[in-house]
Amino acid sequence: ATAGDEALSAELDLLTSRAISQPLVTHMYTADPSAHVFEGRLYIYPSHDIDAGTPFDDEGGHFGMQDYHVLRMDSPHAEAVDCGLALHVCDVPWAKRQMWAPDAACRNGRYYFYFPAKDAQDVFRIGVAVGDRPEGPFTARPEPMTGAYSIDPAVFDDGDAHYLYFGGIWGGQLQKYRDNVYAPEHAEPLGAEAALGARVARLRDDMLELAEPTREVVVLDEHGAPLRADDHARRFFEGPWVHRHAGRYYFSYSTGNTHLLCYAVGDSPYGPFTYQGVILEPVVGWTTHHSIVEFEGRWWLYYHDALLSGGVTHLRSLKVTELHHDDDGRIRTIDPYGG
Ligand code: FUB
């Protein structure tokens with residue numbers, strides 16, 4: 001081993017000893033957890049990381065996932081149970097590869113599983129699959145959803161309506177759209193231009209399609225101006241999530257190349273949201289992706305890191321830790337290796 005290898009190994013050992021949480025499962029790699037309480041138990045909808053043998057590239061081609069497994073936990077401290085195969089790319093007529101971060105929702109006793117994948121033209125689309133149980137199996141609709149695109153679908157249940165959020169720049173292709181129209185020549189805004197936002201739309205009552213065209217999720221700075229495209233420590237990159245706390249809506253997301261999970265607060269599921277701060281400091285691995293869920297009166301942050309694989313960025317492991325809202329509604333920043 002070289003001196004560099006030994007230094008990296010020592011650093012990973014130190015981070016392992018200081019990690020505040022352990023992987024939820026170790027028999028497979030899992031990432032991008034979307035957690036919900038269904039039927040009184042926690043169900044986690046993750047990506048199922050594999051090494052597909054695809055070379056690294058700037059588009060995330062090395063994230064070559066092919067299927068999904070759902071995890072179940074009786075409580076955030078209980079053992080996570082792998083409920084088995086929920087959906088495979090071979091069973092989705094329109095999808096060719098790269099089954100990235102999914103989510104799920106329940107309505108009228110049926111379960112709806114939302115997932116992104118690349119189609120035959122290598123364009124990310126978002127599909128929905130339907131099942132009778134929270135853990136699946138799910139049967140995919142023959143076509144992707146109309147009007148949804150890019151990656152990282154996340155569903156927020158506001159009681160009388162469900163909202164679908166999605167989006168991710170760079171490999172997630174969000175920068176190729178303006179006002180819901182795709183053009184491959186579109187690029188990420190630069191400098192003082194407004195950053196691109198995630199997208200949101202209400203879902204139809206049948207949960208299979210959007211009820212309206214998507215709108216941009218705008219994150220404002222402390223002066224009420226949209227975050228700038230070059231504000232990489234605060235602008236939206238990927239991994240949108242929404243939860244409601246004390247009557248306010250919390251929009252949280254990854255800043256991508258600055259490796260932070262951040263949040264912003266607003267008064268409507270559509271936003272706008274005002275930037276508040278950092279939820280989770282950087283984890284081992286390039287990506288960071290999370291969900292926030294309330295279980296029996298306490299709040300939990302599901303997230304991932306790549307410690308178990310020795311830092312291999314596309315071989316990640318799910319973790320969970322408690323999240324605290326202060327009396328004024330602010331979320332306390334978590335250091336994943338502060339133990
Ligand atoms: O897992 C593949 C991609 O990595 C997700 O879609 C992103 O959010 C990032 O975690």
Side-chain angles (χ1 to χ4, degrees), residues 23 28-35 44-52 54 56-71 87 89 95-104 113-119 122-127 144 148-155 164-176 196-199 217 235-242 251-263 279-280 282-292 301-309 311-319 336:
M28 62 179 175
Y29 290 111
T30 49
D32 308 326
S34 294
I44 302 113
Y45 299 86
S47 300
H48 175 197
D49 281 359
I50 55 168
D51 190 346
T54 321
F56 279 69
D57 63 39
D58 289 343
E59 305 288 302
H62 44 295
F63 292 94
M65 299 84 104
Q66 298 174 350
D67 64 18
Y68 297 105
H69 287 225
V70 178
L71 304 182
L87 183 69
V89 66
K96 290 292 168 272
R97 58 198 181 96
Q98 289 179 278
M99 307 284 267
W100 284 13
D103 194 13
F113 182 78
Y114 300 87
F115 60 97
K118 280 187 178 165
D119 67 12
D122 266 349
V123 174
F124 268 116
R125 312 292 298 271
I126 293 176
Y149 48 91
S150 189
I151 60 166
D152 293 357
V155 185
L164 181 72
Y165 298 79
F166 62 80
I169 59 173
W170 297 15
Q173 302 179 344
L174 182 65
Q175 70 278 6
K176 296 180 189 288
L196 273 186
R199 308 296 301 188
V217 179
R235 61 94 170 84
F236 171 80
F237 187 97
E238 63 186 3
W241 187 260
V242 169
F251 175 70
S252 46
Y253 55 94
S254 163
T255 61
N257 56 326
T258 49
H259 316 290
L260 299 167
L261 289 179
C262 291
Y263 75 105
I279 297 174
L280 186 71
V283 294
V284 171
W286 200 93
T287 69
T288 186
H289 189 125
H290 73 303
S291 62
I292 295 168
L301 177 76
Y302 281 82
Y303 65 104
H304 69 226
D305 75 9
L307 254 186
L308 184 66
S309 67
V312 180
T313 207
H314 59 289
L315 296 178
R316 302 161 290 180
S317 301
L318 295 193
K319 297 185 164 184

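Start at 1 and go down the list; that is how both ligands and their atoms are numbered.
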#### Entry: Those residues that, when tested against Asp32, pass salt bridge (charged side-chain N to carboxylate O under 4.0 Å, His left out) (two or more places apart)
Arg316

### Query
Quick one: salt bridge (charged side-chain N to carboxylate O under 4.0 Å, His left out) partners of Asp119, sequence neighbours excluded?
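Scan of Asp119 (salt bridge (charged side-chain N to carboxylate O under 4.0 Å, His left out), adjacent residues dropped) gives Arg125.
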
### Message
Using a strict threshold of under 4.0 Å (side-chain N to carboxylate O), is an ion pair present between Lys96 and Asp122?
### Response
no

### Message
Could you report the tightest heavy-atom contact between Tyr114 and Ala104, atom names first, then the distance?
### Response
CD1-CA, 4.4 Å

### Any side-chain heavy-atom pair of Phe236 and Val217 under 4.5 Å
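No; the side chains remain at least 4.5 Å from each other.
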
### Task
Tell me, please, which residues at least two apart from Asp103 pass side-chain hydrogen bond (donor to acceptor under 3.5 Å, both in side chains).
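With sequence neighbours excluded, Asp103 shows a side-chain hydrogen bond (donor to acceptor under 3.5 Å, both in side chains) to His36, given in chain and number order.
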
For ligand 1, find each of its N or O atoms that sits under 3.5 Å from a protein N or O atom, and tabulate the pairs with distances to one decimal place.
residue, atom, partner, partner atom, Å
ligand 1, 1 (O), Asp32, OD2, 2.5
ligand 1, 1 (O), Arg316, NH1, 3.4
ligand 1, 1 (O), Arg316, NH2, 2.7
ligand 1, 4 (O), Arg316, NH1, 3.3
ligand 1, 6 (O), Asp152, OD1, 2.5
ligand 1, 8 (O), Asp152, OD1, 3.4
ligand 1, 8 (O), Asp152, OD2, 2.7
ligand 1, 8 (O), His289, ND1, 2.7
ligand 1, 10 (O), Asp32, OD1, 2.6
ligand 1, 10 (O), Arg316, NH1, 3.2

